[in-house]
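Okay, structure first, notes after.
We use all heavy atoms of the structure for the numbers below, so side chains are in, but hydrogens, waters and symmetry mates are not.
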Amino acid sequence: MNQFSSYRETALQKWDSQMIHSDIPVIYLGTASCGIAAGALDVLETIRQTLAELGRPARIIQVGCIGPCYLEPIMDIAMPGSPRVSYTNVNSQKAKKILRACLVEGDIVPQMAKGHFGDESFSVKTGIPRFFDLPMLKPQVRVILKNCGFIDPEDGDHYLAQDGYMGFLKVLEAGPQYALEALKESGLRGRGGAGFPTFKKWELCRNAQGEQKYVVCNADEGDPGAFMNRALIESDPHAVLEGLLIAGYTVGANQGIIYVRAEYPLAVKRLKKAIEQLRGYGLLGNNILDSGFSFDIRIKEGAGAFVCGEETALIASLEGKRGMPRPRPPFPSDQGFNGCPTLINNTETIGTIPAIMRNGGEWYQQFGVPGNYGTKTFSLVGKVRHTGLIEVPLGTSLRQVVEEIGGGTQLPFKAVQTGGPLGGCLGASELDTPITYEAMRAQGSIMGSGGLIVMDETTCIVEMARYFIGFALRESCGNCTPCRIGTRVLIDRLEKIIRGEGEPADLDVMRAAADTMVKTSLCGLGQAASNPVTSSLKFFLSEYEAHVHDRYCQSGVCTGLFQYVILAERCNGCGLCAKACSSNAIQGKLKETYTLDVKLCTQCHACVEVCTKQAIIGVPVPAEQDHLSLSEALQ
Amino acid sequence: MSLQISIDGRSLSAEKGKTILQVARENGIDIPTLCDFPGLPSHGSCRMCIVEIQGRPNTPTACTTLVEEGMVVQTNSPDVQALRTELLKLLLSEHPSSCLICAEKSHCDECMVTLRKAGVTTGCRSCFKDGDCQLQTLVDRFGITEIGYPVRYRMLPVQKGDPFFDRDYNLCVLCGRCVRACEENHFSSVLTLTSRGTDALVGTAFGQSHLDAGCSFCGACLEVCPTGALSEKTRKWDGKPEREVSTTCPLCSAGCQINLLVKNDMVIGSQPNHAGESGMLCVKGRFGITELVNHPTRLQQPRIVNRGGSLPVSWDQAIETAAEKISSCEPGKYGMLISADCSNETLYVARKFLREVVGSNHLRTSSTALYGDSLHAVQRLYSFAQPLSVLSEADVILCLGFDGKYAQSVVDVELHRAKKRGARLITFNAVEHSLSRFADEWLQPEPGEEAEVLETLIGSTRTGARKQQNHLSPVAARAQRIADLLLESKRSVILLGPSFLTHPDSLFLLKVVERLIAQTATGLVMFPDPVNLAGAFQMGISTPATMAGLRDLSVLHLVGEAVPSNLPARPFILYQNIYPPAGDLPLGLILPAAAFTEEDGTFLDHSGRMRNIHRAVQAPGEALPSWRILCRIAQQLGARGFDYENEAQIRAEFEAATFPGAERAEALSAVLPSEPDVFPAGQRESHSYMGFPLGAFVAGFRLLSPD
C-alpha cells in the first residue's frame with residue numbers, strides 16, 4: 001500500500017510541476033485516431049521542427065480526444081501562468097504561425113483561438129470564450145470523458161494524478177458489498193445498449209457458483225459511425241483497466257479479458273502499455289496491495305465480426321470457436337467463457353465504474369432522470385455542423401443533441417438514425433423524444449451503444465434502410481433462419497424499390513419478414529436488424545410510397561427515380577455546372593439560363609454539387625415518357 | 001428433482017434439467033422441429049419449435065429452453081403457428097421447392113412418378129430425397145401453398161469430387177445437424193459453418209475437399225441431413241428402402257451391427273443399427289457394402305474351366321465333377337484353403353467335410369498365414385480379449401499400432417470419448433495416424449524399432465529393472481513414464497490394432513504384449529482384420545497355409561480365398577467364391593457362392609462374442625451359400641450327416657459339439673514340419689473381403705489409400 005501511495009505522490013507532484021505550474025509552455029495535441037485522421041501527426045512534426053528552429057523549450061503532451069471532431073486537429077497552448085488556449089482546425093502553416101506568436105512574442109492569438117480552459121476573467125480580458133461554453137460543449141457533462149483530452153493516455157502517472165485507482169482502493173477497503181451497493185444506488189444500466197441494470201449483472205455473477213470466474217470488457221465496437229469506445233480507450237485506457245479491476249474484485253474473478261477490435265491498433269497499443277504500467281504500480285498480479293486479491297488482464301483482438309459484440313458470440317470467439325450467438329439462458333453470468341461464470345460489460349459501462357466508486361452512487365444520480373441515471377456518450381455524425389464525441393445526461397432530448405450540440409444541419413433536417421445499424425430512424429416529429437432506454441424503445445429504436453447519424457433532405461430514406469440492412473445481412477452469423485433469410489428478403493425488396501420496380505405488396509412483404517425476425521430470431525442482432533426498415537416505414541411511409549407509386553425519389557439519390565432540371569429563376573448562368581458535367585448534358589451561354597438534356601444526363605450529381613444557387617433539382621420522371629427535354633418540362 | 005409445469009393447459013411434472021421439447025415429447029405433445037435430431041445437442045437455429053412462455057418476451061425455442069417451476073407454455077397458439085409458417089416460407093424461399101407449391105402438384109404426384117437423375121435439383125420431383133424429406137413433411141403439415149417471399153437460388157455447383165457422397169448445398173437449410181454430428185458425436189470437426197450472413201454455408205475449413213480435410217467418411221452427416229443436400233452416390237436414385245434387415249458388418253472383426261436397406265430384393269445401402277453398442281459405422285460398413293455385394297461381376301453360375309476355355313454348367317454337373325475329382329484323388333493330395341471371412345457355419349461344415357468325407361487334415365486358411373509364426377500368439381491373446389465397451393471405463397489406454405482414420409473410425413470415436421471423460425491416451429505407432437494429434441502421448445519408434453521400444457516399456461514395468469531417470473534415453477524415459485501410468489492405473493486397457501498383429505516382428509511384439517498384460521493386469525481389446533478369425537480358431541482351423549503344403553496337391557479347394565499366385569504345382573482347383581478369380585482362370589471348377597447378405601449365420605467378433613448375420617436378399621443367379629455347396633459335394637460323395645436344411649441346424653450341431661480348441665491346434669502344428677516359406681497370398685490389405693481388396697469393387701476405396 002505504501003509503495004502505491006508513493007507512486008501516487010510522485011504522480012501528483014509531477015502533474016503539478018509539469019502541467020499546472022509548468023515553467024515552460026505546454027502544448028497539447030489531440031492524437032487519438034480522430035486527430036490523426038485529420039492530420040495531427042503532420043502538425044506534431046511541424047511543432048517539433050518549429051520548436052527546434054525557434055530554440056524555445058516547450059512540453060508537448062499528446063492527449064486523446066476532447067470531443068469535437070469537426071475542429072480537429074486541435075492544438076492547445078498553455079503559456080506559463082496563463083490558461084490553456086485551444087486553436088482548432090490546425091494545419092502545419094497555422095501551427096507554425098501560432099507557435100511563433102505564442103513562444104516568441106509570448107502572447108496568445110485571439111483571432112485564431114477557439115476557446116480557453118481558464119476562468120471567466122480570462123474571457124473578459126482576451127475576448128476568447130471558454131472552451132466548454134462553446135455551443136457544442138455547453139449542454140454536455142463530462143463523467144466518462146472527464147480525462148479525455150486532458151491527460152497523456154500513455155503516461156500512467158497522469159491518470160494517477162486525476163485520482164486514478166482511488167475508486168479501486170476505496171472498493172478494496174470497503175469490500176465488494178460496497179461496490180454492489182454503490183452500483184445499485186447509482187442506477188447504472190448497461191451502456192452497450194440493452195440497459196440491463198449493471199448491479200444486477202454483477203450480483204448474478206458474484207453469486208454464481210464456480211471457482212474460476214472471468215470479467216470481460218466488450219470493446220468490439222462494430223457499429224458503422226460509432227467510435228465512443230475507441231475514443232475512451234485511446235484517451236483514457238486506465239479508466240477501463242480500473243473498472244475491470246473493480247469488477248473482478250467485486251464478482252470474485254481473477255482474470256480480466258478485454259475483447260477489442262483488431263481494427264483499433266492505437267487502442268490496442270495504448271491498452272497494452274497501460275497494462276504494463278499497471279503491473280508496474282503493483283495493481284496487477286498476485287496478491288494486489290497485500291489484499292489477497294489476485295488479478296490479471298489480457299487482451300483478445302477480435303477479427304472484425306460485428307456479431308461478436310453480442311455477448312454469447314463474443315464468448316464463443318474468445319474460446320476460439322466460430323463467433324456465433326447461442327440461446328440464453330444460460331446467461332454468461334452462470335456459464336460463460338469456458339463454461340465459467342463470466343461478467344461481460346461494455347467498455348463504457350466499465351469506464352464509468354471508477355467515477356461511481358470514487359464518488360458514490362448518490363453522486364451519480366445527479367445526472368440523468370429517475371430510472372435512467374447517469375450520462376451516455378454518443379458519436380454524433382452525419383450532416384450536422386458539429387460532429388464529434390459527446391456526453392450528455394440521459395433524458396436529454398434528441399432535439400437538444402441535434403440542434404444545440406450538433407448545431408443543426410445545413411440543409412433541412414430529415415432524420416436521425418439512433419442506436420447504430422440495429423437502431424431506428426426517427427424523423428423531425430420524434431426529435432423531442434428524451435434519450436432514455438424506454439423512450440427510445442417505444443419509438444421502435446434502441447439506445448444502442450451510441451451512434452447518432454444525422455441526415456438531411458439529401459438522404460434517401462429507402463437507400464439509407466438498404467445500407468443498414470445490407471450491413472446486418474453481411475454481419476449476421478447466418479445461423480438462425482429468420483435473421484439469415486429475413487435480412488435477405490428485406491434487402492431484395494429494398495433494392496427492388498430503389499430500382500423503381502417496387503409494388504405496394506412489397507411493403508407488406510417487408511413488414512411480414514421484419515415481424516418474423518423480431519419475434520423469432522435467436523439473438524439481439526436478428527431481433528433488431530429490421531429496426532431501420534420498420535421505423536422508417538413508420539415515420540417515412542410517404543417516401544416509400546413515393547418510390548413505389550410515383551417512381552420518385554425526392555432526395556435525388558435513387559438513380560432513375562428522378563430527373564434533373566435547371567430552374568430558370570435560380571440559374572445565374574455561371575456555367576459551373578456545364579464545366580462539371582462529364583457527359584455534355586448541360587448546354588448554354590454564360591449569364592443565360594443553362595439547359596440540361598435528360599437523355600444525356602447520367603445523374604452523377606456533379607452539377608448539383610457545384611451549383612451555388614441550388615438551381616438544379618430533381619423532379620419526378622413524367623409517367624408516359626422516360627425522358628423529357630427542358631422545354632417540354634417547362635410546359 | 002421434479003417440477004410442475006403446464007404445457008397447452010396440461011399440468012405436467014417434469015424433470016429438472018430437461019428442455020421444454022423433451023418434456024413435451026415425453027407427454028405426447030408434438031412440437032414441429034427441423035434442426036433437432038435425437039442424440040445431437042440442441043442448437044436452436046431453425047426456430048421451428050418456438051413456443052410462447054408466459055412472462056417471457058418473444059418466442060423462445062422449446063429445444064433450448066430448460067423447464068422451470070411453474071412455467072406456462074403454449075406450443076400451438078395461432079400466433080406461434082403463424083410465425084412457424086412464416087419461418088417455413090423463409091426457408092422455402094432459399095430451397096428449390098417449386099414442387100411443394102405447384103398448382104399441378106396433385107396430378108404430378110399421381111402421374112409423374114419420377115423425373116429423376118436431373119443434373120440440378122429444381123424441385124422435389126427431381127430430388128432424390130422426394131418422399132423422405134423433412135422439409136417436405138413440414139410443408140405438408142403446415143399446408144403451405146405459396147411462399148410470398150422473393151426466392152433465391154444459391155447457384156452453387158454440386159460437389160462431387162469426394163468419394164461416397166455428393167454435396168448439393170443449394171438444398172441445405174443450415175440446420176447444422178451435420179456439423180454437430182461431425183463435431184460433437186464424432187469428434188471430427190471436418191464440417192463447420194463458413195462465411196456469414198446470406199453466404200453462410202456448411203463446408204470444410206478453407207474449402208478443402210473432404211479427403212484433404214481429414215474426413216473419415218463415417219457417413220454420420222448423411223444420416224442426419226433432413227433434406228437432399230447430402231446424397232450417397234450409390235443410393236442416390238434408389239428411393240426409400242422397402243425394408244431393413246439387421247445384421248453384422250463382415251468387413252472387420254469389430255462386429256458392428258448394421259441395418260441393410262433393401263429394395264426390390266437388392267441391398268441399396270447400409271446404416272448403423274442404433275440398437276447396437278456404438279450406433280456408428282466406419283467407412284467400410286457404411287459405404288463398402290452396397291457396391292461390394294451388387295457388383296456386376298458377381299459369380300452367378302457354375303462354370304467349368306479347361307484348357308479350351310470356360311463353360312457354364314448346371315449345379316448338378318458341377319457337383320458331379322467336383323465329387324469325381326475329390327474321390328479320385330488320394331486324401332493326402334486334397335487340400336482346402338478357407339477364408340476366415342466365412343461364417344462359423346461354413347467353417348464348421350468345411351471342417352466336417354474334410355474330416356469325415358475326405359479324411360484329411362489339410363484345412364488351412366490364408367488369413368492365418370498373415371500372422372505367420374505369431375499365429376499362436378494371436379490365438380493365445382484371444383483368451384484376454386475384451387469387448388470395445390471396456391474403453392468406456394478405462395483410465396489409461398495404450399494403443400499399439402492402431403489407426404482409426406478410415407477403417408475402425410468407430411473405435412477412434414470411443415477413444416475420443418474416453419479422453420474427454422479424462423482417460424489418458426497413449427499411442428504407439430511409427431507413423432502419423434489418427435491418434436497422433438489427440439493422444440496425450442505419442443510414442444513414436446523408428447519404423448522397424450517397435451520391438452526395441454516396446455521392450456523398454458516392458459522393462460520399465462518390472463520394478464526391479466528400473467533405471468535411474470538420468471541414465472535414460474529420451475524414448476526410454478517416456479517409456480518409463482508410460483509404464484508408471486500403466487502400473488498406477490486401476491483400469492488400463494491395451495488396444496491392439498491390425499497393423500501390430502501383422503507386423504514383421506509380430507511374434508516378438510505379441511509376446512511382449514502378453515507379458516505386459518500379465519505384469520500390469522491391463523485389459524486387452526484387439527482388432528484382427530479377418531472378421532471371423534476367432535471362429536476359425538474355435539473350429540480348430542489355426543494352421544497357417546504354406547507354399548510347401550500346397551506343393552503336392554492334385555485338388556486344391558478354395559473357399560472364399562483368392563487363387564494363390566505362383567502355385568508350385570498345377571492342381572485341379574475348386575474355386576468357391578463370390579467373385580471370379582483375378583487374372584487367368586485356373587483349371588477347374590468355378591462355384592458361385594453367396595455373400596453375407598444372402599445367407600444366415602454367425603461370426604465370433606474380436607472379443608469372441610457371437611454375432612448373427614441375417615439373409616437380406618436372394619443370392620444372384622444360381623449362387624449358393626458356401627456351406628450348401630460343400631454339403632452337396634459331400635452328399636454326392638455318399639456322405640451322411642450333410643442334409644442340413646438351414647444354417648440353424650448346423651449351428652445347433654456345432655454348439656452341441658466340443659472342439660479340441662487351442663491345445664489341439666498346437667498339437668497339430670507340432671506334428672507338421674515347421675515350414676519357413678509362409679504363404680505369399682497373405683499380403684492382405686486392411687480393406688478386403690473374401691480375398692479381394694475392397695478397392696477392386698468399391699471405387700471410393702481406391703481414393704482412400706494414398707497409392
Please flag which part of Arg152(B) lies under 4.5 Å from any non-hydrogen atom of chain A: side chain, backbone, both or neither. both
Under 4.5 Å from any heavy atom of chain B - which part of Arg474(A): backbone
Strictly distance-based, threshold 3.5 Å: is any side-chain N or O of Arg488(A) a donor or acceptor partner for the main-chain N or O of Thr198(B)? no
Between Lys496(A) and Glu503(A) (salt bridge meaning N to carboxylate O under 4.0 Å), is one present in this structure? yes
Yes or no on ring pair (Phe, Tyr, Trp, His ring centres under 6.0 Å) for Phe471(A) and Phe306(A), after CA distance, side-chain angles and deciding distance? CA-CA 9 Å; Phe471(A) 179 82; Phe306(A) 176 69; 4.9 Å; yes
Would you mind checking which part of Ser195(B) comes under 4.5 Å of any heavy atom in chain A, side chain (CB onward), backbone (N, CA, C, O), both or neither? backbone
Part of Met510(A) within contact of chain B (heavy atom distance under 4.5 Å): neither
Which is it for Gln74(B) and Asp79(B) under the side chain to side chain donor-acceptor pair (under 3.5 Å) test, yes or no, and what are the steps along the way? CA-CA 10 Å; Gln74(B) 279 292 334; Asp79(B) 283 353; over 6 Å; no
Which atoms of Pro329(A) come close to chain B, meaning under 4.5 Å heavy atom to heavy atom: side chain ones, backbone ones, both, or neither? both
Per-residue contact mode, Leu174(B) against chain A (heavy atom under 4.5 angstrom): both
Is there a salt bridge (Lys or Arg N to Asp or Glu O under 4.0 Å) between Arg154(B) and Glu94(B) once you walk through the steps? CA-CA 7 Å; Arg154(B) 296 197 186 109; Glu94(B) 295 206 332; 3.5 Å; yes
Using a 4.5 angstrom heavy-atom cutoff, name the option from Asp506(A), Val307(A), Val489(A), Val509(A) with the most pairs to chain B. Val489(A)
Does any heavy atom of chain B fall under 4.5 Å from the side chain of Ala305(A), the backbone, both, or neither of them? both
Under a 4.5 Å heavy-atom cut-off, does chain B meet the side chain of Asn479(A), its backbone, both or neither? both
Examine whether an atom of Thr194(B) lies under 4.5 Å from a heavy atom of chain A, and if so say whether it belongs to the side chain, the backbone or both; otherwise answer neither. backbone
Can you confirm if the NZ or CZ of Arg328(A) lies within 45° of the ring axis of Phe331(A) and under 6.0 Å from the centre of its six-membered ring? no
